[in-house]
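Structure record follows, encoded as structure tokens.
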Amino acid sequence: MSGRAPYYITTPIYYVNDAPHVGHAYTTIACDVLARFKRLDGFDVKFLTGTDEHGQKVQKSAENFGTTPQALADKNSQNFRDLAALLNISNTDFIRTTEPRHIKAVQAVWQKLLDNGDIYLGSYKGWYSVRDEAYYGEDELTERNGQRFAPTGAPVEWVEEPSYFFKLASYGEKLLKLYEEQPDFIMPSGKRSEVISFVKTGLRDLSVSRTTFDWGVKVPGDEKHVMYVWLDALVNYITAIGYPETGEGTDFARYWPADLHMVGKDILRFHTVYWPAFLMAAGLPLPRRVFAHGWWTVEGEKMSKSLGNVVKPQELLDTYGLDQTRYFLLREIPFGNDGDFSKRAMMQRINGELANDYGNLCQRVLSMIQKYHEGKVPQPDALTDADNTLLGAAAGMLDSVRAELNNQAFNKALDAIWRVVGDANRYVDEMAPWTLRKTDQVRLGTVLYNLADVIRQLAIMTQPFMPDSSARILDQLVIPADQRGFGDLLTAKLVPGTPLPAPQPAFPRYVAPEAEETK
RNA sequence: GGCACUGUAGCUCAGCGGUAGAGCAGGGGACUCAUAAGCCCUUGGUCGCGUGUUCAAAUCACGCCAGUGCCA
């Protein structure tokens, strides 16, 4: 019952058939940064991630492994839970589509769609790819050695079975109206255009049940059918906030509609066409935004199992460190674009921006306080224009970062913070405390105080991106745990006279192993 | 095949009607508090190609070439 405004953000639920890789880490970290930012900015944040566990693929994998789908799901779901812990993710819930709460929610949604007249029993005939969990038209397929393949390269099989259909075709106009009236519903804008042109070509009714396997949520009243995995999966976003309980005082009432569904560009259509259509049919409000981010290549090449260049999150953390990895992923490319992960780029970011710019700024200032001021926070005196310019830049940081993050522009947000890092480094050189030390003790105290306080503000601002490292910097400034929010930026200034510990470098330089010799 | 988007310094990109910009990389310098970091200066581009509109075009229009995405 706080007065704080709610903010609800979700990652996709990850398919238990996949092994966690850097792509999963990327999506989740991006959401984590936003969740942490919103919390520090005073919001009551609900942050959901989890796993998608039903479907024919999982059933088949389980058979191959000689185990049950549930056992496979249990094991692989844990991998994603571990990943979140490894990445220091601050999710408030972790949903699994095999949980009773979810099955109850999905069946309730189904009933709503049925009551609304949007589901009918028909029969499905066509080509289906188990691997893609998708249907294809005859004209989309290619044939090799008697086997037909989808454009994705996945084999397809002829399926002919009774199936329930969702009247997606009748939602085309409503969806186009949604994209029109809520231009930020799909971001980035290029992706929005793609979805609009897709919907404009006309939608077909969607087969939403299958009878050829049974690893899924049963259709109420017709248990030969299990629901289409995407109908099942998408509902997770409302399961987690207690659907079908939607009355006053429920989590649903408080947190829905979601502020942001973060997705990879491969599942954009499901989230911007099917999902809003389902919600409309169920009479529920629509999420405020779906943001589709891009893919990472590795050293210029597409990540793939066959190339053997799939980047495992654990390897990145072992090599570069958690906060360094979090920083790199969000700093290197404009969010929404594809990006390339290269050792060289990683090293340049870590050494150039973290170690040299930011880390060294902290180290040089704290060292001077240690040497010139007996390790105690100095007493500031009258401010000069130069002081006010620096302090003004720091004071403007929050607004800039907030504005950028409201558009998921992580790289620009970091850029805004680093402009102040640069200002502070220049200020050190211009003020030359090592000279003031011999000429003007009062001025020296003011300069060092300003710098230390700007570092305090910088560290508060970098918390969402690099929680551990930022905390270490704040610890070195002896900032109490309850004075690290954005509300404290300008009000909880450093207290002169506070003794500070001996400084420790916040971001070590990355030195490549000897392997470089092969060049 | 259709519809989009992109093509600007070695690299990544910003600029989107008024005589080319940033970061990184490269070169030089002054300093010394610091993680041999930081600071200052600097080399570098016929803005994919062509035609057109305009007093004036990376910037608008058309065509072409190259790449990418979505759809078929």
Side-chain angles (χ1 to χ4, degrees), chain A residues 134 136-142 150-152 186 188-204 264-269 272-273 292-295 297 299-300 302 321 324 328 331-373 375 378 386 409 411-412 414-416 418-419 421-438 444 447-448 451-452 455 469 472-473 476 502-511:
Chain A
Y136 292 95
E138 182 79 44
D139 51 349
E140 297 180 69
L141 306 175
T142 53
T152 56
I186 304 170
S189 64
K191 290 286 182 283
R192 172 175 179 263
S193 307
E194 287 178 7
V195 172
I196 289 174
S197 69
F198 169 73
V199 172
K200 276 187 175 163
T201 63
L203 298 171
R204 284 180 297 187
K265 62 182 182 178
D266 55 324
I267 55 174
L268 182 64
R269 188 199 298 179
T272 56
V273 180
H293 69 245
W295 292 140
T297 53
E299 306 290 347
K302 205 169 169 179
Q324 285 83 351
F328 177 82
R331 178 65 187 86
E332 180 67 4
I333 55 168
F335 200 65
N337 289 12
D338 288 347
D340 184 55
F341 194 103
S342 70
K343 288 185 169 143
R344 179 184 158 79
M346 185 86 189
M347 216 161 97
Q348 280 182 359
R349 294 289 181 192
I350 290 178
N351 290 345
E353 293 169 10
L354 292 180
N356 296 353
D357 292 342
Y358 186 27
N360 186 55
L361 170 68
C362 300
Q363 188 68 10
R364 67 198 300 211
V365 169
L366 292 173
S367 293
M368 284 190 278
I369 289 176
Q370 207 62 223
K371 284 189 181 176
Y372 303 163
H373 259 274
N411 64 322
K412 289 187 184 173
L414 285 167
D415 206 56
W418 255 254
R419 276 199 294 275
V421 171
D423 290 341
N425 270 321
R426 273 184 290 279
Y427 178 86
V428 174
D429 282 80
E430 282 160 16
M431 297 303 125
W434 47 91
T435 305
L436 289 175
R437 171 198 188 187
K438 301 167 194 159
L444 174 67
V447 166
L448 291 181
L451 282 166
I455 289 170
S469 311
R472 278 197 296 274
I473 295 169
Q476 293 195 35
Q504 296 291 324
F507 299 99
R509 289 179 65 78
Y510 174 76
V511 181

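Below, read A as the first sequence line, B as the second, and so on, with proteins coming before strands; counting in each chain starts at 1.
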Options B/C71, B/G69, B/C31, nucleotide nearest the side-chain atoms of A/T201: B/C71

Kindly point out which of B/C31, B/G38, B/A37 is positioned nearest to the side chain of A/R509? B/A37

Does B/G17 have a Watson-Crick or wobble partner in any strand here, with both distances under 3.5 angstrom, and which is it? none

Strand partner of B/A37, provided both Watson-Crick or wobble distances fall under 3.5 Å: none

Can you figure out which of B/U35, B/U32, B/C70 approaches the side chain of A/A506 most closely? B/U35

Atom-to-atom span, CD of A/Q363 to P of B/A34 - whole angstrom: 9 Å

Protein-nucleotide distance (A/F328, atom CZ; B/U12, atom P), rounded to Å: 13 Å

Would B/A20 be called syn or anti, given that syn covers angles within 90° of 0? anti

Provide the Watson-Crick or G-U wobble partner of B/A58, both distances under 3.5 Å; none if there is no partner. none

Taking 4.0 angstrom as the limit, do A/K412 and A/D415 come out as a salt bridge? no

Using the P atom in both, what is the distance from B/C70 to B/C49, to the nearest Å? 29 Å

Any-strand Watson-Crick or G-U partner of B/G10, both distances under 3.5 Å: B/C24

Taking a pair as Watson-Crick or G-U wobble with both distances under 3.5 Å, which nucleotide is matched to B/G2? B/C70

Could you check which of B/U35, B/A34, B/C31 has an atom nearest any side-chain atom of A/W434? B/C31

What contact category does A/G190 fall into here, base, sugar-phosphate, or nothing, at under 4.0 angstrom with non-hydrogen atoms? nothing

Taking the side chain of A/R426 as its heavy atoms from C-beta onward, which of B/A34, B/C71, B/C39 lies nearest to it? B/C39

Who pairs with B/U53 - Watson-Crick or G-U, where each distance is under 3.5 Å: none

Check whether any side-chain nitrogen or oxygen of A/K371 sits under 4.0 Å from OP1 or OP2 of B/A34, and answer yes or no. yes

Could you work out the separation of B/C13 and B/A9 based on their C1' atoms and round it to a whole Å? 11 Å

Taking only side-chain N and O atoms of A/N356, does any of them lie within less than 4.0 angstrom of OP1 or OP2 on B/G38? yes

Taking B/C71, B/C33, B/U35 as options, the one with an atom nearest any side-chain atom of A/A355 is B/U35

Taking all non-hydrogen atoms of both residues into account, name the closest pair between A/Q370 and A/A502 and its distance. NE2-CA, 3.9 Å

With rounding to whole Å, what would you report as the distance between B/G45 and B/U19 at their C1' atoms? 15 Å

Just how far, in rounded Å, is C1' of B/A34 from CD of A/Q504? 14 Å

Minimum-distance nucleotide (side-chain atoms of A/E194 versus B/G38, B/U32, B/C70): B/C70

For atom CG of A/D429 and atom P of B/G29, their distance in whole Å: 18 Å

Please pick, from B/C24, B/C33, B/U35, the nucleotide with the shortest atom-to-atom distance to any side-chain atom of A/F507. B/U35

Side chain of A/R344, heavy atoms from C-beta onward: which of B/C33, B/A34, B/A25 has the nearest atom to it? B/A25

Can you tell me the distance, in whole Å, between the CD1 atom of A/I333 and the P atom of B/C24? 19 Å

On a heavy-atom basis, which atom in A/P188 and which in A/G336 lie closest, and how many Å separate them? CG-CA, 4.1 Å

Does atom CD of A/Q504 have more than 12 heavy-atom neighbours, drawn from other residues, nucleotides or ligands, at distances under 6.0 Å? no

Length of the line joining A/K265:NZ and B/C70:P, which is rounded to integer Å: 6 Å

Classify the angle between the aromatic ring planes of A/F341 and A/F328 as parallel (below 30°), tilted (30 to 60°) or perpendicular (above 60°). perpendicular

Mate of B/A30 across any strand shown (Watson-Crick or G-U wobble, both atom pairs under 3.5 Å) is none

